[in-house]
Amino acid sequence: MQAVILVGGQGTRLRPLTTNRPKPLVPLVDRPFMAYMLEWVATHGITDVVMCCGFLADSMVEALGDGSRFGVQLTWVEEPEPRGTAGALKFAQEHLHDRFVMLNGDVLTDLDLSAQIAHHEQAGATGTLALVPVEDPTSYGLVRLNGDSSVEGFLEKPNPDEIDTDLISAGAYVLERSVLDLIPDGRMVSIEREVWPRLVGDGLYGCVHRGAYWMDIGTPHRYLEGTADILAGRVRTQVTERLKDGPVDPSATVAPGVIVDRASLVDRGAVLGPRVTIGEGSVVGAGVRIDEDVILENAVLLDGATVASGCRLRDCVVGSGARIDRGTHLSDAAMIGDGATIGANNVLARGIRIAPGANLPAGSIRF
């Protein structure tokens, strides 16, 4: 069994984290986001993975290599231009030999791929969609099933009085190779709009994963929520195994009076000054330095960042090598780009985003 992972998007909703890096390489807790997906498919015995990429493809190849450290073997396919979900798949067809799994590279999940493959085989399906329930279906396209789990049809962003199911596509599909014959060559093609409708009533099934974790981490709020869920063990990942020995890496330096929540991570080589508090859902990346009397709550500091004394960071992300000067407050999904400097006594909130390398003078914003 092979997997095809679509990683061609630019991740614009996560800028400035994705200004200079592709979304699959955005750090999530202690590893690139894509590592979670590769480790997940490997646990289901899928080790032959084709990566369909576009934006900043060279940096992904350099960072992920042949995939061996994640338990897989990677084949890289670069689209000449964006071709949509089905167009990208068609472009990779020479590397696909039989039945395969197609995955949207934007998703953090632990759903049971093995069960979905078994469901596909038992149904004799041409394609099987992973389906997950959501609390508020009005923001999604819904998938209606017949009693035998075949797909009856699709309902895009329904009005409340139209809702008769809570199931949405989770971006994981088991497909027969014959699906490739339904995709026109050499142009933009959406698998959701052009391929699935042709298979309704002709071999398209749904596999419902109730109780599985699933999240598209494409926005700052979801990025922070996904980080907190990984640290708390609400999604099954290898990070849980690492945290069994505690949240502080043995190589970190921790001053007296520091408080570190169990559902957080202080990574290798980090330095925490006196009376620092690392709250739940927070990540202190490798080589980060935090001075005295700093409080973090659900805050992510990427590798090499520096935080001066008296800062309060809540629900925010600080990029690699960025500096936050004394007395500054960050909150409400504020995003600080790599290498930026935020001067003393600024107050940044309401989803403000500071570009990589920017220099914000002291006291210039109280947002």
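Listed for the Gln2 side chain is a donor-acceptor partner under 3.5 Å among the backbone atoms of His95. In terms of modelled atom types and a separation under 3.5 Å, the side chain of Ser282 and the main chain of Ala299 share a donor-acceptor contact. The backbone N or O of Gly65 lies less than 3.5 Å from a partner atom in the side chain of Trp76, making a donor-acceptor pair.
Applying the salt bridge (charged side-chain N to carboxylate O under 4.0 Å, His left out) criterion to Glu194, with sequence neighbours excluded, gives Arg187. Residues meeting the side-chain hydrogen bond (donor to acceptor under 3.5 Å, both in side chains) test with Asp30, sequence neighbours left out: Arg242. Shown here are the side-chain hydrogen bond (donor to acceptor under 3.5 Å, both in side chains) partners of Asp315, two or more places apart in sequence or in another chain: Asn298. For Ala125, the side-chain contact (heavy atoms from CB on, under 4.5 Å) partners at least two apart in sequence or on another chain are His120, Ala123, Thr128, Tyr205. A search for side-chain hydrogen bond (donor to acceptor under 3.5 Å, both in side chains) contacts involving Asp229 returns Tyr213, Arg234, not counting sequence neighbours. Applying the side-chain contact (heavy atoms from CB on, under 4.5 Å) criterion to Val271, with sequence neighbours excluded, gives Thr253, Arg289. Judged as a side-chain hydrogen bond (donor to acceptor under 3.5 Å, both in side chains), and not counting sequence neighbours, Asp181 has no contacts.
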Exercise. Check step by step if side chain to side chain contact (heavy atoms under 4.5 Å, CB included) holds for Val260 and Val284.
Key: CA-CA 11 Å; Val260 180; Val284 178; over 6 Å; no
- Task: Show your reasoning for whether side chain to side chain contact (heavy atoms under 4.5 Å, CB included) applies to Val7 and Met34.
- Result: CA-CA 9 Å; Val7 290; Met34 184 49 57; 3.3 Å; yes
inquiry  = For a side chain to side chain contact (heavy atoms under 4.5 Å, CB included) check, start with the C-alpha distance between Met60 and Leu25, then their side-chain angles and the critical distance, and finish with the verdict.
reply    = CA-CA 7 Å; Met60 281 194 282; Leu25 298 186; 4.0 Å; yes
Hey, mind stepping through Asn104 and Asp216 against side chain to side chain contact (heavy atoms under 4.5 Å, CB included) and telling me if it holds?
CA-CA 9 Å; Asn104 181 338; Asp216 174 352; over 6 Å; no
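In the hydrophobic clustering of this structure, Leu313 groups with Ile365; members are Ile, Leu, Val, Met, Phe, Trp, Tyr whose side-chain heavy atoms approach within less than 4.5 Å, directly or through other members. Residues Val195 and Leu96 are members of one and the same hydrophobic cluster, defined by side-chain heavy-atom contacts under 4.5 angstrom among Ile, Leu, Val, Met, Phe, Trp and Tyr. Cluster annotation: Leu155 and Val134 are assigned to the same hydrophobic cluster (Ile/Leu/Val/Met/Phe/Trp/Tyr, side-chain heavy-atom contacts under 4.5 Å, transitive).
To the nearest 0.5 angstrom, Tyr36 atom OH is 4.0 Å from Ile230 atom CD1. In this structure, His119 NE2 and Gln122 CD are separated by 7.5 Å, a value rounded to the nearest 0.5 Å. In this structure, Asp112 CG and Cys207 SG are separated by 8.0 Å, a value rounded to the nearest 0.5 Å. Interatomic distance, CG of Asp291 versus OG of Ser309, reported as 6.0 Å (0.5 Å rounding). Atom CG of residue Leu224 and atom CZ of residue Arg314 lie 11.0 Å apart, to the nearest 0.5 angstrom. Rounding to the nearest 0.5 Å places CG of Leu131 at 10.5 Å from CG of Leu142.
Residues Leu145 and Val151 have side chains in contact (heavy-atom distance under 4.5 Å, counting atoms from C-beta outward). Side chains of Val258 and Val266 form no contact here, defined as non-hydrogen atoms less than 4.5 Å apart. You'll find the side chain of Met1 stays beyond 4.5 Å of the side chain of His44, heavy atoms only. Leu296 is not listed as a side-chain neighbour of Val307, based on a closest heavy-atom distance of 4.5 Å or more. Proximity of Phe100 to Asp48: side-chain heavy atoms (C-beta onward) are nowhere separated by under 4.5 Å. Counting heavy atoms from C-beta outward, Asp110 and Thr43 have side chains that stay 4.5 Å or more apart. Side chains of Val179 and Tyr173 form no contact here, defined as non-hydrogen atoms less than 4.5 Å apart. Between Thr227 and Leu28, the closest side-chain pair of non-hydrogen atoms falls below 4.5 Å.
Screening residues 322-332 for side chain to side chain donor-acceptor pair (under 3.5 Å) gives Arg323-Asp325 as the qualifying pairs, with residues at least two apart or on separate chains. Note on residues 292-305: pairs passing salt bridge (charged side-chain N to carboxylate O under 4.0 Å, His left out), not counting sequence neighbours, are Arg275-Asp293. Sequence neighbours left out, the pairs with a member in residues 133-151 that pass salt bridge (charged side-chain N to carboxylate O under 4.0 Å, His left out) are Arg144-Asp164. Contacts classified as salt bridge (charged side-chain N to carboxylate O under 4.0 Å, His left out) and involving residues 165-179 (residues at least two apart or in different chains) are given here: Arg99-Glu176, Asp166-Arg210. Judged as a salt bridge (charged side-chain N to carboxylate O under 4.0 Å, His left out), the pairs with a partner in residues 336-363 (not counting sequence neighbours) are, in order, Arg21-Asp338.
For Glu192 and Thr85, the side-chain atoms include at least one donor-acceptor pair closer than 3.5 Å.
Pairing each heavy atom of Leu243 with each of Ser264, the nearest pair is CD2-O, 3.7 Å. Between Ile342 and Ile336, the shortest heavy-atom contact is CG1-CG2, 4.0 Å.
For the pairing with Thr277, the side-chain contact (heavy atoms from CB on, under 4.5 Å) check across Val294, Ile259, Asp261 returns one residue only, Ile259. With Leu74 as the partner, the side-chain contact (heavy atoms from CB on, under 4.5 Å) test is satisfied by one option alone out of Asp66, Val49, Ile5: Val49. Just one residue in the list Leu108, Leu111, Thr237 forms a side-chain contact (heavy atoms from CB on, under 4.5 Å) with Trp40, and that residue is Leu111.
Under 4.0 Å is where a charged nitrogen must lie from a carboxylate oxygen, and between Glu241 and Lys244 at least one such pair does.
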